[in-house]
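Have a look at the structure below, then the notes.
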Amino acid sequence: MTHGNRRLDIVLAVGLAALVLVPWYRIEGGFYGLGWLAEFPLSKAVAPGILQMVSEGRVWLFGVVGFFLMGAIARIVPDTEKRGALLVIAGSLGLGFLVLQGLAIGFSGWTWQATEGLFGALADGQPSMGAGAVTMAFVFVLFISFGLAERGFMKGDAFIVSCISLLIFLVSVFVFYPIGSMMVGALQDFDGSFNPDGFIRNMRDPGIWSLDCVMSGGRCGVAWRTLFLAIMTAAGSTILGLAFALVATRTRFPFKKGLRLLTVLPIITPPFVIGLALTLLFGRAGVVTEFMSGVFGVEPGRWLYGLPGIWIAQVLSFTPISFLVLIGVVEGVSPSMEEASQTLRADRWRTFWRVSLPLMKPGLANAFLIGFIESMADFGNPLVLGGSHGVLSTEIFFAVVGSQNDPSRAAVLAIVLLCFTLSAFIAQRFWLAGKNFATVTGKGDSGAHIALPKSMSIAVHALVVPWMIFTVVVYGMILVGGFVKTWGLDNTLTIDHYVRAFSVSISNGSIAWTGVAWNSFWTTMEIALIAAPLTAAVGLLTAYIIVRQKFAGRNLFEFALMMSFAIPGTVIGVSYIMAFNLPPLEMTGSALILILCFVFRNMPVGVRGGIAAMSQLDKSLDEASMTLRANSFRTIRLVVLPLLRPAIRAALVYSFVRAITSISAVIFLVSAQYNMATSYIVGLVENGEYGVAIAYSSMLIVVMITVIAGFQLAVGERRLRRENRVAGVSLATSPSNPQEKAA
C-alpha cells in the first residue's frame, strides 16, 4: 500500500509538472535548447497546458485536466479494487482523449470534416504535441499500469505491468501508427482530403505489375523485378551461407579463422560500398573491364548496371548474415542421430540428406527470410548499380524526393513492398509452426559429426574458396580506391581524399575540424551511441517479459514486436515521414526521429538474442531473489543482467553497427542539421566523388571495429561458477561477485 501510494504520488507530481512547468506544445528550435525559458510561461508559443487552456482559448484541454484529476482522486480512495478500477478508467479515457484531440485538431482547426460539422468551426487550431502533452500521455499509461497492478494483474507487480504497458504504447506509436498513416496517406490528396483516385491509378500502373518479361520478353514491372531479385538473393545467400557453415564445421579447411573474419567485414561495411567496389572492378573503366578489353578485345559493356550487378552485390553483402544464422544450427545437429542413421546402413550422403539437412530447416528458413527481407529493403546497392532497372526501394525514394513528388505513389509502392515481406514472414512462421526440431536436450550427447559426402565436400569448397577470393579482391578494391586520384583515368596514389574528408587544423590554440565529412561523422557517432544502449535496453527488457512472464496475449505481443523486423527500412522511412511531419507528433528533421527509428527498427534483434540467452537461465534464480524479498526491478538489475552480458554485448554491437550503416530508412529522415554518414556518402556517389566516398567508408569501418572492442571491454565477460567432481573431490572456480555465485 505504501509503495503503491509513493509510486502514484510521483506520477501525479510528474503530471502536475507537465501541466504547469513545461511548454505543452512543440517548441521551434527544440526543447533541450532551453531557448524557450526567456518567454515562458506567458508567450502563446511556449505556454504550459494550464495557460493554453485558460488564456489562449484551447478549451479542449479541459478534458485532459479532468481525466488527470480523476486519477488524482483515486489516490484517496481506500478500497484497493475501486482505486485500481478508477485509475484504469482515468488512464484509458485520458489517453484516448489526448490522442483523439491531437489527431482531430491541427494547425488551422479541425482536421476531420465530421467533427467540424458536429462541433462547428474552431477559431484557432493547435501545434504538434510538445514536452507537456507527451509527458501527460506517459502519465495516463502509468495510471492504467498501476490500476491493473492494484487489481492483481501480473500478481500485482507494478514494475512488470508498467513495462508491458509502456512497450505496447511505444510500439503502437512508433511502429503501427506510422504504418497506418502511410496506408491512409495512399488514399489522400495533397490537401489531406479523401481521394482514392491516386491509389487506384498507381495500383493499376503497368510499371508496377507488368508481366511483359514473361509474355513477350519485354521488361517486367518493378514489383515483379523486386520479388524475383529478393528470391534469387535469398536463395543465393542461404546456399552460400550453408556452404560456409559446412566448411567451417564439417571439414578440415585450413583457413577457418580467415573465413570467420570475412563474415564480419560485410556486416560493418556501409551497404553501398560493395556496389562501389564492384564498379571499380567491372564498371566501364573497371580493372577487369580494362584487362578484358586490352587483352581479349572485349568491348566494355554495361552488364553490371542492372539486376545482375545488384544480385552479386546483395549476395556478397548478405551471405555473412546467413552464415551467422546457420553455423549454430549446423553445429547443433545431434551427432548421435547421424551415427544412428549410419548404424542402420545409410551412407553419408543419405544421412546428410535425410537426417542432418531436415534438422537444419529452422536455420535455413530464418536465413532465407533474412536474405529476402534485406534484399527487399536494400537501397544502397540498387542506387549504385541499378541503372534503369529500379526496384521498389529506389522507386519509393524517387517518388518522394524526385521530380515526381507523388506521396500517394510512394505509399502504394511501400504497401506493395510491405505485403511481400509480411507474406514471407508469416509463411515462414506457419511453415515451422507445430514442428519440433530439438536436438539438444538435458541428456548428454556424444560422438562427432560425420564428415560430409565427398561430392558435397568438393561442391562446398568449390563455392567457398572462389567466393573468399572474390571477397578479398572486392575489399582490396575498397582499400585501394580511397588512395587513387581518379579511378580509371588517373591511378596516381594520393591521400587527398582522406585529407579532404578528415583534415584537421589548429587555429588560435583550438582544433578546427576542416574536413568536409566531420559534421556528418560526429552526428552519426552521437546518434548511434545514443540509440545503441536504448535499443539493447528495450530489446532485453522485452525478452525478459516474454520469457519470464505469463499473461493473456503474450504470443500476440511477441508477434507484434517481431513484426517490425519484417518491415523494410524503406517502408519505415516513408511511414515516419507521413506520420511525423504533421500534428499530433512532428519530429521530422530532428535527431529524435532518427534515434526512435533506429530503436524500433533494430529492437527485434535484441529481443531474439535476449530470448535465446534468457531461456538458458533457470527460473529458480528469479524465484530465489523474490524469496529474499527483492522486487522485479532489483532482480533484473542484480541477478539477470549480469548473466546476460553476451546478449547485451550482441545487442549493443548490432544496434550500433546498424545505426551507422543503415541507409534505406535514414535517407528519408536526415536533414541539413542532422545528416548521417550513409546519406552523406550517397551524395558523394551521386556527385561522382568515389574516392572521398570510399575514404569515408574506410574510416567508418575502422571506427566501428574500435567501438565494438570498446563495448566488449565495457560489458565484460560473463563468469560462471563451474563445478566438476572427480573421484569425490569438488573442483570449483570461485566467482567474483554474488550474482555469479547465484548462477
Side-chain angles (χ1 to χ4, degrees), residues 111-113 175-216 218-231 306-307 310 372-373 375-383 386-426 563 566-582 588 663-669:
T111 57
W112 301 335
Q113 294 180 355
V175 177
F176 293 108
Y177 169 64
I179 296 299
S181 298
M182 180 190 69
M183 293 181 175
V184 170
L187 300 171
Q188 288 181 330
D189 214 334
F190 285 98
D191 60 358
S193 61
F194 176 75
N195 184 2
D197 294 344
F199 177 82
I200 296 171
R201 182 186 70 253
N202 284 305
M203 271 298 184
R204 292 177 175 176
D205 184 1
I208 299 177
W209 302 109
S210 173
L211 285 171
D212 287 347
C213 56
V214 177
M215 306 299 293
S216 59
R219 184 177 177 182
C220 267
V222 65
W224 303 123
R225 286 202 305 271
T226 307
L227 179 62
F228 174 74
L229 175 65
I231 293 172
L307 294 186
I310 302 173
F372 184 89
I373 292 174
S375 175
M376 281 277 179
D378 186 25
F379 175 81
N381 290 315
L383 184 68
S388 60
H389 294 271
V391 294
L392 283 171
S393 59
T394 53
E395 291 292 318
I396 291 169
F397 174 73
F398 291 122
V400 172
V401 303
S403 58
Q404 300 176 39
N405 191 22
D406 191 349
S408 177
R409 178 176 175 79
V412 168
L413 293 171
I415 290 171
V416 173
L417 185 58
L418 181 61
C419 288
F420 282 151
T421 55
L422 287 183
S423 298
F425 183 69
I426 295 170
M563 198 177 73
I567 301 174
T570 311
V571 177
I572 290 286
V574 172
S575 62
Y576 268 47
I577 285 289
M578 293 187 169
F580 302 125
N581 198 36
L582 294 169
T588 51
I663 182 62
S664 54
V666 166
I667 197 71
F668 297 96
L669 304 178

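No hydrogens, no waters, no symmetry mates; every other heavy atom, side chains included, goes into these values. A quick note: this is a predicted structure, and the numbers were derived from the prediction, not measured.
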Roughly how far, to the nearest 0.5 Å, is the CG atom of Leu417 from the CG atom of Leu422?
9.5 Å
Shortest non-hydrogen contact between Arg225 and Cys220, atoms and distance
NH1-O, 2.6 Å
Between Ile396 and Phe379, is any pair of side-chain heavy atoms under 4.5 Å apart?
no
I'd like to know whether CZ of Phe425 has more than 12 heavy-atom contacts from other residues, nucleotides or ligands below 6.0 angstrom.
yes
Shortest non-hydrogen contact from Ser664 toward Gly569:
OG-CA, 3.4 Å
What I'd like to find out is whether the side chain of Leu669 reaches to under 4.5 Å of the side chain of Ile577, using heavy atoms alone.
yes
Check: Arg204 main-chain N/O paired with Trp209 side-chain donor or acceptor under 3.5 Å
no
Value rounded to 0.5 Å, distance of CG in Leu392 from CH2 in Trp224:
10.5 Å
Check step by step if side-chain contact (heavy atoms from CB on, under 4.5 Å) holds for Phe398 and Leu383.
CA-CA 11 Å; Phe398 291 122; Leu383 184 68; 4.0 Å; yes
Atom pair CD1 (Ile567) and CD1 (Ile572), whose distance is rounded to the nearest 0.5 Å
4.5 Å
Kindly give the heavy-atom pair with the smallest separation between Val222 and Gly390, and that separation in Å.
CG2-O, 3.5 Å
Mind checking whether Leu227 and Met376 have side chains closer than 4.5 Å, heavy atoms only?
yes
Quick check: closest heavy atoms across Ala414 and Met182, and the distance to 0.1 Å?
CB-SD, 3.3 Å
In Å, rounded to the nearest 0.5 Å, how long is the span from CD1 of Ile310 to OG1 of Thr226?
8.5 Å
One pair to check against side-chain contact (heavy atoms from CB on, under 4.5 Å): Arg409 and Val412. What are the steps and the verdict?
CA-CA 5 Å; Arg409 178 176 175 79; Val412 168; 5.7 Å; no
Could you tell me the separation between the CD1 atom of Ile200 and the CG atom of Asp205, rounded to the nearest 0.5 Å?
14.0 Å
Contact between Leu418 and Met183 at the side-chain level, heavy atoms closer than 4.5 Å - yes or no?
yes
Any donor-acceptor pair under 3.5 Å from Thr394 side chain to Val391 backbone:
yes
Can you tell me which residue pairs pass the side-chain hydrogen bond (donor to acceptor under 3.5 Å, both in side chains) test with a partner in residues 567-576, sequence neighbours excluded?
none
Over all heavy atoms of both residues, which pair between Ile179 and Val571 is shortest? Give the atoms and the distance, please.
CD1-CG1, 3.9 Å
Return the minimal non-hydrogen interatomic distance between Ser393 and Ala377, and the atom names on each side.
CB-O, 4.3 Å
On the 0 to 90° scale, with breaks at 30° and 60°, tag the Phe397-Phe668 ring pair as parallel, tilted or perpendicular.
perpendicular
